[in-house]
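For reference, the structure is listed below as structure tokens.
These figures come from a predicted structure and were not determined experimentally.
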Amino acid sequence: MSCLPGGLFTFRPHSRGASGSACPDPAFPLRHALTRPRTGAAATRRPAAAQPEPSHMRLTRYFLPVLKETPAEAQIVSHRLMLRAGMIRQESAGIYSWLPLGYRVLRRIEQIVHEEQQRAGAIPVLMPTIQPADLWRKSGRYDDYGKEMLRIRDRHDREMLYGPTNEEMITEIFRTFSGSYRDVPKMLYHIQWKFRDEIRPRFGVMRGREFLMKDAYSFDVDRDAAIHSYNVQLAAYLRTYERMGISAIPMRAETGPIGGDHSHEFLVLAETGESEVHYDGAIVQKRLGERAVDWDDRVQLQEIFDEWTAPYARTGETHDAAKFEEMVPEERRVSGRGIEVGQIFYFGTKYSDPLGATVTTPEGERVPVHMGSYGVGVSRLVGAIIEASHDENGIIWPESVAPFHVGIVNLKQGDGEADAACEQVYGALKGLGLEVLYDDRDERAGAKFATMDLIGVPWRVTVGPRGLKNGVVELTSRKTGESREVPLADIAGVCAPILDRVANASADVTI
RNA sequence: CGGAGUGUAGCUCAGCCUGGUAGAGCACUGUCUUCGGGAGGCAGGGGCCGCAGGUUCGAAUCCUGCCACUCCGACCA
């Protein structure tokens with residue numbers, strides 16, 4: 001069996017249709033907005049004056065090929081909505097182009113993963129997509145991997161492959177440059193495109209052949225140290241998913257030949273999920289929130305691990321009905337479906353042994369390093385978030401991953417007063433540092449509303465003659481549908497909290 | 001890889017059974033009327049009917065082969 005990230009994230013839907021669960025958005029920003037002081041990093045880190053003006057934030061200049069009708073091939077809701085919202089285009093079975101809107105979301109998710117990995121102490125690298133076959137012969141996996149591995153030959157007839165995962169390569173990198181206990185602990189990660197030649201790709205980006213994935217690898221001198229690295233990644237994942245506005249529950253996973261309880265899959269609850277899940281309903285409410293984490297504190301990280309793994313939460317594979325009933329009071333027992341969006345794994349010396357990745361201990365003994373690997377399905381998350389957060393009109397993006405924070409709908413394009421008011425709102429929101437999509441097309445109101453709903457922009461400012469007569473515009477939440485009139489001059493103040501929330505958890509790191 | 005389908009305009013599809021030189025809606029262009037939830041009229045543009053053979057006076061239509069895509073299964077585990 002495969003215990004490796006390369007074997008993760010297959011997807012099989014259970015049912016079609018309605019939305020599942022996403023974390024509720026943070027509080028509606030309208031209340032108290034005018035009196036609430038600006039807080040957080042955003043106010044200082046994004047000087048408005050330094051913002052260039054990308055012209056593509058006006059819809060007439062953007063590339064947003066939305067479809068009114070649903071393409072025939074899309075079976076599940078996230079696939080349908082990604083096609084309709086002009087996020088992706090299929091180029092071959094399981095292979096997609098990311099169009100501007102989809103690319104924006106993908107980059108946002110990727111950025112959050114980068115920030116949280118680095119916050120937790122992992123170091124970014126980038127390994128190639130193409131690998132030599134010899135490396136895989138060394139680990140013995142070249143023949144094991146089968147037809148899922150895309151094998152190619154270069155002009156000199158050398159055997160190469162498009163990487164389905166990178167354990168071999170990262171282990172070689174570590175082995176080459178590290179030899180002492182002083183060189184550990186180390187945690188390296190990369191976000192790279194991978195290819196698995198699935199027999200039957202389906203469900204859009206949820207189970208493509210080419211997919212973007214974060215893989216982190218930890219190197220430690222012994223098991224205890226490796227378990228700490230594992231706990232660090234678990235906490236980092238909790239932060240990562242919370243920032244994306246989704247609830248991904250760590251569930252005990254199969255550990256294969258290594259044994260122990262150190263593999264967890266993170267599942268987003270959604271009715272269309274591929275995995276059967278059983279869990280203590282109380283865990284859904286748990287939040288790491290703004291808890292200060294000392295990433296070197298083994299005790300604290302162990303406590304976080306214990307806190308999140310104590311409640312019963314398992315997939316169908318590891319489910320134990322008797323234990324479930326014993327551990328969880330009946331009213332909190334929940335069974336449903338989930339989409340796997342990450343997996344963390346401690347695998348000891350499985351690769352360091354055959355590949356000879358050792359360090360010398362203070363006592364002069366050469367020992368193989370203890371490793372773990374930690375995957376996040378970056379491109380898959382785009383689909384998973386949509387599965388967990390949509391309605392009959394389209395996508396409902398959590399603020400943190402939304403392609404645009406605010407959309408402006410001009411109800412009477414070409415009308416001097418409406419145009420001027422839109423420009424004023426547009427300028428004010430951009431000035432804050434928010435990313436704004438201004439629908440300046442000469443379209444009817446209904447078409448503009450439908451587009452904004454479909455692409456899931458979390459906040460919409462509606463500007464029309466009716467409101468302007470009273471000097472107000474309308475601010476509407478995509479998620480709740482709740483609206484409120486805002487004096488034109490106050491729009492920036494009212495929207496400021498959005499930026500605070502979005503930038504709130506953003507770490508001071510660069511790639 | 002087994003089974004079942006589908007390839008016709010940018011998208012959703014009809015036409016194929018029963019061969020006679022290609023259609024609708026949406027989208028697009030122009031125009032008029034509309035204008036707070038995907039409006040309506042008029043006038044236009046757009047297709048080597050997946051590819052290659054074959055049958056026929058004549059093929060989108062019938063036959064053969066190939067290719068691509070989709071669905072079910074197996075696979076992922």
Checking base pairs now: Watson-Crick or wobble, both atom distances under 3.5 Å. What partners [N]?
N	result
U6(B)	A68(B)
G30(B)	C42(B)
C75(B)	none
U21(B)	none

Original post:
G37(B) base to Asp453(A) side chain: any donor-acceptor pair below 3.5 Å?
Top reply: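 Side chain to base: pair present.
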
Original post:
Got a sec, which residues hit side-chain contact (heavy atoms from CB on, under 4.5 Å) with Pro100(A), two or more places apart in sequence or on another chain?
Top reply: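 With sequence neighbours excluded, Pro100(A) shows a side-chain contact (heavy atoms from CB on, under 4.5 Å) to Tyr62(A), Phe63(A), given in chain and number order.
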
**OP:** Tell me, please, which residues at least two apart from Lys323(A) pass side-chain contact (heavy atoms from CB on, under 4.5 Å).
**Re:**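 With neighbours one apart ignored, the set is Tyr312(A), Arg314(A), Asp320(A), Met327(A).
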
Selected nucleotide, minimal atom distance to [X] side chain, candidates [options]:
X	options	result
Leu411(A)	G36(B), C69(B), C71(B)	G36(B)
Thr462(A)	G38(B), C71(B), G36(B)	G36(B)
Arg202(A)	C71(B), G36(B), C69(B)	C71(B)
Arg200(A)	G38(B), C69(B), C72(B)	C72(B)
Arg207(A)	A77(B), G38(B), C75(B)	C75(B)

Look for any protein N or O under 3.5 Å of an N or O in nucleotides 27-34 of chain B and output each such pair with its distance, or none.
unit_1, atom_1, unit_2, atom_2, d
U34(B), O2, Arg444(A), NH1, 2.5

Subject >> Euclidean distance for C1', G25(B) against G15(B) (whole angstrom) >> reply: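 Pairwise C1' distance, G25(B) against G15(B), rounds to 15 Å.
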
**OP:** Strictly below 4.0 Å, heavy-atom distances to any atom of RNA chain B: list the hits from residues 415-423 of chain A, or just say none.
**Re:**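 Output list: empty, so none.
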
**OP:** Starting at the 5' end of nucleotides 6-13 of chain B, put B wherever the base has a protein heavy atom under 4.0 Å, S where only the sugar-phosphate does, and a dash everywhere else.
**Re:** -----BSS

**OP:** Classify the ring geometry between His262(A) and Phe305(A) as parallel (under 30°), tilted (30 to 60°) or perpendicular (over 60°).
**Re:**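 Ring orientation, 0 to 90° scale: parallel.
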
**OP:** Would you check if Leu135(A) and Met169(A) make a side-chain contact, meaning some heavy-atom pair closer than 4.5 Å?
**Re:**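 Yes - at least one pair of side-chain heavy atoms lies under 4.5 Å apart.
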
Subject >> Contact check, side chains of Glu474(A) and Arg460(A), non-hydrogen atoms, under 4.5 Å >> reply: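 Yes, at least one pair of side-chain atoms sits under 4.5 Å.
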
Original post:
Does Glu485(A) CD have over 12 foreign heavy atoms under 6.0 Å away?
Top reply: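 No.
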
**OP:** Establish, with yes or no, whether the OP1 or OP2 oxygen of C35(B) is under 4.0 angstrom from a side-chain nitrogen or oxygen of Gln413(A).
**Re:**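 So the side chain of Gln413(A) is outside the cut-off, no N or O lying under 4.0 Å from OP1 or OP2 of C35(B).
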
Under 3.5 Å, sequence neighbours excluded: what are the donor-acceptor pairs made by side chains of residues 409-418 of chain A?
unit_1, atom_1, unit_2, atom_2, d
Asn410(A), OD1, Lys412(A), N, 3.0
Asn410(A), ND2, Gln413(A), OE1, 3.2
Asn410(A), ND2, Asp419(A), OD1, 2.9
Asn410(A), ND2, Tyr438(A), OH, 3.2
Gln413(A), OE1, Lys448(A), NZ, 3.1
Gln413(A), NE2, Tyr438(A), OH, 3.3
Asp415(A), OD2, Glu417(A), N, 3.2
Asp415(A), OD2, Ala418(A), N, 2.9

Original post:
So which one's nearest nucleotide on RNA chain B is more toward 5', Asp442(A) or Arg209(A)?
Top reply: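 This one resolves to Asp442(A).
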
Subject >> Closest-nucleotide 5' rank along RNA chain B - winner of Ile199(A) and Leu468(A) >> reply: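 Final value for this comparison: Leu468(A).
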
**OP:** Could you check whether Gly146(A) gets within reach of a base, just the sugar-phosphate, or nothing at all, counting any heavy atom under 4.0 Å?
**Re:**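 The answer is nothing, as Gly146(A) stays clear of every strand by at least 4.0 Å.
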
